[in-house]
Amino acid sequence: MDKRLADLGDFIKQRREAAQQSIRDLSRLAGVSNPYLSQIERGLRKPSAEILQQIAKALEISAESLYERAGFLSPSARSEEHTSELQSH
């Protein structure tokens, strides 16, 4: 099992539990199937950026935090993006 996927799944599960949502609740809010979300949480599936965005929205967290954990966005790219945003204001 890919450690990055396991870490992503653990993070999603922790956030879901902190929000006091069942896996069924989150799957409904995110628009993904219950079994698929379960597989993501267990690190068995690598979700697309679109699915991560849906999950982030349902958990009310930033999609970037999930993109980083999934390896779609490097931490340095995120800080560079944030820096350029600050400089443009």
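Hydrogens, waters and symmetry mates play no part in the numbers below; they use all other heavy atoms, side chains included. Starting from 1, each residue takes its place in the sequence as its number.
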Task: Summary of side chain to side chain donor-acceptor pair (under 3.5 Å) pairs that have at least one residue in residues 6-19, sequence neighbours excluded - done: Lys3-Asp7, Arg16-Glu41
TODO: Say whether, by atom type as modelled, one donor and one acceptor occur between the side chain of Ser27 and the main chain of Ile23 under 3.5 angstrom.
DONE: yes
Task: Spacing of Ile12 atom CD1 and Arg69 atom CZ [to the nearest 0.5 Å] - done: 9.5 Å
Task: Distance, nearest 0.5 Å, that separates OG of Ser33 from CD of Gln39 - done: 7.5 Å
Open item on the list: Please determine whether residues Leu29 and Ile40 belong to a single hydrophobic cluster, defined as Ile, Leu, Val, Met, Phe, Trp and Tyr linked transitively by side-chain heavy-atom distances below 4.5 Å.
Closed with: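 Different clusters: Leu29 never reaches Ile40 through Ile, Leu, Val, Met, Phe, Trp or Tyr contacts under 4.5 Å.
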Task: Cluster link Leu26 to Tyr36, ILVMFWY, side chain under 4.5 Å - done: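 Same cluster: Leu26 reaches Tyr36 through Ile, Leu, Val, Met, Phe, Trp or Tyr contacts under 4.5 Å.
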Open item on the list: Taking the side chain as everything from C-beta on, heavy atoms only, tell me whether Phe72 gets closer than 4.5 Å to Leu66.
Closed with: no
Open item on the list: Quick one, Ser65 and Ser62 - any side-chain contact, counting heavy atoms below 4.5 Å?
Closed with: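 They are in side-chain contact.
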N/O donor to acceptor pairs below 3.5 angstrom from side-chain atoms of residues 46-61, sequence neighbours left out:
residue: Ser48; atom: OG; partner: Glu50; partner atom: N; Å: 3.4
residue: Ser48; atom: OG; partner: Ile51; partner atom: N; Å: 3.2
residue: Gln54; atom: NE2; partner: Ala30; partner atom: O; Å: 2.6

Open item on the list: Per the salt bridge (charged side-chain N to carboxylate O under 4.0 Å, His left out) rule, what does the pair list look like for residues 27-38, sequence neighbours excluded?
Closed with: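 Residue pairs passing salt bridge (charged side-chain N to carboxylate O under 4.0 Å, His left out), neighbours aside: Asp25-Arg28.
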